[in-house]
Number of protein chains: 2
Amino acid sequence: MKSKQTTIKDIAREIGVSPSTVSRALNDHPAINSATKVRIKAKAKELKYEPNIVALSLKNRSTKTIGVVVPELIHFFFSSVISGIEEVAYDNGYTVMICQSKESYDKEVKDVMALLAHRVDGLLISQAKEILNNEHYDEIQRRGVPLVFFDRMPSGVKAPSIIIDDASAAKEATQHLIDRGCQSIMHLGNNLEMPISKARVDGYRQALLDSGMQLDEDMIVDCPTSIQNDSYAKVLSLLEGGAKFDGLFASNDLLAIGAIKALKQFGLSIPQDVAVVGFSNWNFCDMVDPPLSSVNQPGTEMGRQAMKRLLRMITEDEENANDVMMLDTALIVRKSSSL
Amino acid sequence: MKSKQTTIKDIAREIGVSPSTVSRALNDHPAINSATKVRIKAKAKELKYEPNIVALSLKNRSTKTIGVVVPELIHFFFSSVISGIEEVAYDNGYTVMICQSKESYDKEVKDVMALLAHRVDGLLISQAKEILNNEHYDEIQRRGVPLVFFDRMPSGVKAPSIIIDDASAAKEATQHLIDRGCQSIMHLGNNLEMPISKARVDGYRQALLDSGMQLDEDMIVDCPTSIQNDSYAKVLSLLEGGAKFDGLFASNDLLAIGAIKALKQFGLSIPQDVAVVGFSNWNFCDMVDPPLSSVNQPGTEMGRQAMKRLLRMITEDEENANDVMMLDTALIVRKSSSL
DNA sequence: TTGTATGCGTTATCAA
DNA sequence: TTGATAACGCATACAA
């Protein structure tokens, strides 16, 4: 089956030279007769020769492949990140192997081990929600494989990361609601165990404090599943329980949309009665009704930067560092929070 | 850097046996002393040995890797397909290498060649919108690499495909509008050059014919970019030009959403004045206002079936076939087309 | 300028 | 039961 792939030997045999001569010709080695070089190249093209990357990888001890582990591919944000990663990777002669942890710790470990077995030259990871320990990250580093985290980084691992400033982005979003005149702002968190969720809560808190507003812990609601049904149910029951608020900052867009559904159903109008802001700026934000204000995360740029940082580690063979690059977010204001 | 990866030789040296003995122990070869086997396995675990898949691939002439080329990862449908592919691949000991053609012919060719250079054991492809020729597909087959298409298949290539019945799905959607009482139905196509788009137009036509309705070619509008802005602009200008219709079937959800925006802006209400149905059942269909009726494409299942079909080709080493598996779609009726 | 030998990590074959 | 050898495809140090 696989026998139809042309090798360097096939060319050598046809032309009547040794395989090493062919190798030299194909790689434009200086020490080679230009006439034979031309003949060899012509024959290579004729036979549609393509170097066997597997053999090259073995020889060079480098696969020119990097491994990526994301929580979920269907999330618009993560697919954007991947586009950025691929862009830079391809430009530098690397290919990308993508795995989805599906937010599971076990899957993440399995993915990492598989990527390691494939001898990827580096790893780009965004941590799953389910966090048990950091042993697999340690193992990556023990093997001397470069590692960079993006968006969701663990604590206690000495590796570079590219993230956004979740706290300040959340603060900006909350401040926007305050500026708009909101007196009582609810926050819908997603899985408050996660570092990035905590950071967003902190930002929310800080904005309230800075404006001298009351901080009511009951106004911070966790929706662990991140599905809009979750926030829909929670918000509806809160409203039915008599909760009053005129602003809502959700730590992701799906939660915001679930909440909007509940608010509408309860007879409230948006943004007049309640102004709403989401997080991530998913592609559907301007399709929903009303269009949803949201914090834009620069996914593609994050992917580019993460890949660039990884390349530096690979090529410069540098010591483990743990620098953190924070990318700018931008609050995109739409009708859900402005008239 | 890469030197920290344990090899079979390291274990051999530490234990004082030959590499072949280690290999046998690790692979549970029958001809081996069980005592040394235990010692070797213990040492392997201690040293966190992991077989070098690159070396194995070279030896076995099989990478246990399959290549996937999709038009765009950010499309909900394609990410679903990939989940299905990965699921079956992993269960069978394969890993997956994903490329995005970004709808470009050149990129698709580059991706295919890169995957081929990586010596993937098989290829799963969904064709880009931009179609120039089939040479790269021929090259795949010339090399004896198994190939299966999914969703978007080319014509004239002898390879199996897993698709949906676009014509009958489109017919069902159109019929639904007719049943609902629509007298004049517009169709928004996406890039009518594409086979699947043509099939959807055919289905639309067939439904009208079967119901004895008038077929007005002006009611078939191409929106090549598939972006909602495109359909928004087109529909708005049609309305302003005096076009009348009370039903709209769009060949993808984005187009439907753009159209809805135009309709609303023109003061029409949905579904009272115009009933709308989309295609693909993106995750945002129940988030928009009104929730969008749409044809559900079984993405994950398509991925599973495509991967299964490919596995059969790989393991059974069968002749090139060109069987087509059609997966069932289901029209999901929401408020945009029902009261 | 070209050919030969060697090794990357692994396993199958043959010999011991 | 174990070890030595060769081979997968390629690049390179060395010899010619």
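Just so we're on the same page: letters track the sequence lines, and every chain starts at 1.
Looking at A:Ser101 and A:Asp111, their side chains never bring a donor and an acceptor atom within 3.5 Å of each other. Side-chain atoms of A:Ser20 and A:Ser23 form no donor-acceptor pair, as typed in the model, at a separation below 3.5 Å. Residues A:Ser83 and B:Lys102 have side chains that bring a donor and an acceptor to within less than 3.5 angstrom of each other.
Nucleic acid contact for A:Thr36: sugar-phosphate only, since backbone atoms but no base atoms lie under 4.0 Å from a heavy atom of the residue. Looking at heavy-atom distances under 4.0 Å, A:Val54 makes no contact with the nucleic acid at all.
B:Ala44 approaches B:Leu26 most closely through the heavy-atom pair CB-CD1, 4.1 Å.
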Original post:
Base, backbone or nothing for each nucleotide of nucleotides 6-13 of chain C, written B, S, -, heavy atoms under 4.0 angstrom, 5' to 3'?
Top reply: -BBBBBBB
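In terms of modelled atom types and a separation under 3.5 Å, the side chain of B:Asp121 and the main chain of B:Lys64 share a donor-acceptor contact.
With contacts defined as side-chain heavy-atom distances shorter than 4.5 Å, the pair B:Met307/B:Val148 does not qualify.
Atoms OG and CD, on A:Ser126 and A:Glu72 in that order, are 11.5 Å from each other to the nearest 0.5 Å. Taking CG from B:Asp151 and NE2 from B:His75, the interatomic distance works out to 10.5 Å, rounded to the nearest 0.5 Å.
From the 5' end on, the contacts that DNA chain D makes with chain B at under 4.0 Å to a non-hydrogen atom open and close at D:dT1 to D:dG9.
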